[in-house]
2 protein chains.
Amino acid sequence: MSSFLPTEQRLALTRRRHPAFPRGPAVLVRLVKHLHKRIHDDANTALKAFGLNHPQYNLLMMLYGTADHALHPSQLAEAAGEKAANITRLTNELCEKGLIARAASEGDRRKLVLTLTPAGLELIGQLLPSICDLLEEQTRGMSAREQAELERLLKKFLDGFDRRG
Amino acid sequence: MSSFLPTEQRLALTRRRHPAFPRGPAVLVRLVKHLHKRIHDDANTALKAFGLNHPQYNLLMMLYGTADHALHPSQLAEAAGEKAANITRLTNELCEKGLIARAASEGDRRKLVLTLTPAGLELIGQLLPSICDLLEEQTRGMSAREQAELERLLKKFLDGFDRRG
DNA sequence: GGATTTTATTTCATAAATGTAATATAGCCA
DNA sequence: TGGCTATATTACATTTATGAAATAAAATCC
């Protein structure tokens with residue numbers, strides 16, 4: 001059946017030993033952890049054929065989703081949820097592959113501008129069909145209505161973290 | 001407002017450029033990623049006071065949630081969603097702290113048995129109140145009904161990955 | 001029962017992520 | 001303008017995670 005069953009059993013036992021342990025929230029947290037792992041692993045597998053890993057793909061897609069395909073490193077860090085130090089390393093890798101380019105920022109010379117190169121755009125065009133298939137397949141079990149409801153609830157969940165700061 | 005808004009805007013632009021890109025599934029995947037990050041960071045912060053990090057805490061709780069507080073390394077890896085190599089390192093750390101103990105397995109001498117020590121149990125008792133508070137707070141924005149519905153939908157989402165193998 | 005295959009665990013090399021400090025420029029204010 | 005503060009980015013050290021090979025014991029097969 002579900003790969004999550006053992007987790008629930010352990011949680012039940014935990015509650016017997018420590019009744020204050022909040023079952024619902026703990027289940028949600030563990031579900032997110034499990035899902036994240038599966039999503040990350042699946043994506044890495046699918047992207048291997050294109051010479052990318054998941055974080056690199058995410059950076060490319062953040063640029064792809066921006067008006068002029070250009071972002072400052074700090075914006076990219078924020079967009080992709082990566083630490084600044086990580087952005088340096090990952091963008092170095094993408095530069096070496098020729099998928100993005102670095103340029104000095106016109107207005108503020110502390111900043112750089114990262115842009116997708118034609119090769120980067122080309123690669124995105126090549127890999128998107130695989131990624132679309134993957135995303136469709138991963139959510140095949142849910143109706144459109146369920147997906148929308150899940151989206152709503154996940155956003156509410158995330159709001160709770162924003163509130164905490 | 002929501003920290004997720006920019007993500008949605010980028011997704012909208014992505015769809016304009018590549019109409020086949022499935023918005024719903026992509027949003028779900030990105031929400032899971034954001035949530036996981038926040039959960040992981042919050043937990044690490046809360047656990048620092050107890051000298052633990054999130055993966056170490058997870059291992060302790062997997063043992064705590066098991067009938068006799070004992071698991072083989074391979075079971076622990078499965079339970080915590082960690083790779084075997086990682087389990088070796090993490091359990092070494094926990095052994096050095098005296099929170100768990102290793103023993104040879106009676107039946108199958110390829111295996112080890114990992115058990116919570118009294119000190120490990122004691123530490124869990126000390127940190128659980130903080131963790132319970134944290135979990136309650138993170139989910140405060142959702143009603144019990146919403147939490148239950150979210151749990152149901154996340155399980156359905158996870159089922160999709162189990163089906164893929 | 002001996003050879004072969006499978007399973008469990010660890011070791012080691014490597015990759016990925018993070019924190020902290022260093023560097024450089026911008027913006028501000030007197 | 002000069003000095004102070006804030007921001008952007010990178011470099012370096014450290015931690016954390018992963019993959020692949022090595023080791024050893026069990027299970028299987030003939």
Side-chain angles (χ1 to χ4, degrees), chain A residues 33-34 36-45 47-48 51-60 62-63 70-97 100-115, chain B residues 33-34 36-48 51-60 62 70-97 100-115:
Chain A
K33 178 167 160 40
H34 280 238
H36 178 262
K37 182 171 192 54
R38 302 299 291 266
I39 288 169
H40 188 256
D41 289 350
D42 273 15
N44 272 325
T45 301
L47 289 165
K48 202 164 206 171
L52 294 177
N53 61 26
H54 196 199
Q56 290 169 339
Y57 161 80
N58 275 329
L59 296 195
L60 292 179
M62 293 304 127
L63 289 171
L71 287 171
H72 302 298
S74 50
Q75 293 175 313
L76 190 54
E78 165 66 23
E82 299 280 354
K83 299 286 155 63
N86 226 8
I87 292 294
T88 299
R89 177 179 55 86
L90 291 166
T91 55
N92 278 343
E93 295 165 4
L94 293 172
C95 279
E96 279 166 27
K97 290 177 201 276
I100 68 173
R102 268 188 246 251
S105 173
E106 306 271 313
D108 186 336
R109 268 182 305 175
R110 289 172 304 183
K111 298 184 181 178
L112 296 179
V113 183
L114 302 165
T115 50
Chain B
K33 179 168 159 41
H34 280 239
H36 178 262
K37 183 175 192 51
R38 302 298 292 266
I39 288 169
H40 188 255
D41 289 350
D42 273 14
N44 272 326
T45 301
L47 289 165
K48 201 165 206 170
L52 294 177
N53 60 27
H54 195 199
Q56 290 169 339
Y57 160 81
N58 275 329
L59 297 196
L60 292 180
M62 293 305 125
L71 287 172
H72 303 301
S74 50
Q75 293 175 313
L76 190 54
E78 166 65 24
E82 299 280 355
K83 297 288 156 65
N86 223 13
I87 291 294
T88 299
R89 177 178 56 85
L90 290 166
T91 54
N92 279 343
E93 293 164 4
L94 293 172
C95 279
E96 279 166 27
K97 290 177 202 274
I100 68 173
R102 267 189 247 252
S105 174
E106 306 272 312
D108 187 336
R109 268 182 305 176
R110 289 172 303 182
K111 298 184 182 178
L112 295 181
V113 182
L114 303 166
T115 50

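To find a chain, count down the sequence lines: A is the first, B the second, and so on, and within it residues start at 1. Heavy atoms only: backbone and side chains are in, while hydrogens, waters and symmetry mates are out.
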Separation of atom CG in B:N86 from atom P in D:dT18, rounded to whole Å:
6 Å
Which is it for B:K33 and A:N58 under the side chain to side chain contact (heavy atoms under 4.5 Å, CB included) test, yes or no, and what are the steps along the way?
CA-CA 11 Å; B:K33 179 168 159 41; A:N58 275 329; 3.5 Å; yes
Is there a donor in the side chain of B:N92 and an acceptor in the side chain of B:R89, or the other way round, less than 3.5 Å apart?
no
What is the separation between atom NE2 on B:H40 and atom P on C:dG19, rounded to the nearest whole Å?
10 Å
If you pin A:K48 and B:Q56 to their nearest nucleotides in DNA chain D, which one's is more 5'?
B:Q56
Would you please name every residue forming a side-chain hydrogen bond (donor to acceptor under 3.5 Å, both in side chains) with A:Q56, sequence neighbours left out?
A:E93
Please work out whether the ring planes of A:H36 and B:H36 are parallel, tilted or perpendicular, with thresholds of 30° and 60°.
parallel
Can you measure B:L71 atom CG to C:dA8 atom P for me and round it to whole angstrom units?
14 Å
For A:I100 versus A:L60, what's the shortest heavy-atom pair and its separation?
CG2-CD2, 3.7 Å
Nucleotide by nucleotide, 5' to 3', does protein get under 4.0 Å of the base (B), only the sugar-phosphate (S), or neither (-) in nucleotides 2-14 of chain D, counting heavy atoms?
----BBSSBB---
Nearest non-hydrogen partners of B:R102 and B:L112, listed with the distance
CD-CD1, 3.7 Å
Between D:dT15 atom P and B:E96 atom CD, what is the distance in whole Å?
13 Å
Atom CG of B:L94 and atom P of D:dT16 are separated, to the nearest Å, by 12 Å
Do any side-chain nitrogens or oxygens of B:N53 fall under 4.0 Å of OP1 or OP2 in D:dT16?
yes
Rounded to whole angstrom units, what separation is found between the NZ atom of A:K83 and the C1' atom of C:dA16?
13 Å
Can you find a side chain N or O atom of A:R109 that sits less than 4.0 Å from OP1 or OP2 on C:dA24?
no
How far apart are the closest heavy atoms of A:E82 and A:P55, and which atoms are they?
OE2-CB, 3.9 Å
Gap between atoms NE2 and P, on B:H54 and C:dA17 respectively (whole Å)
18 Å
Figure out the CG/P separation between B:L90 and D:dT15, and round it to whole Å.
14 Å
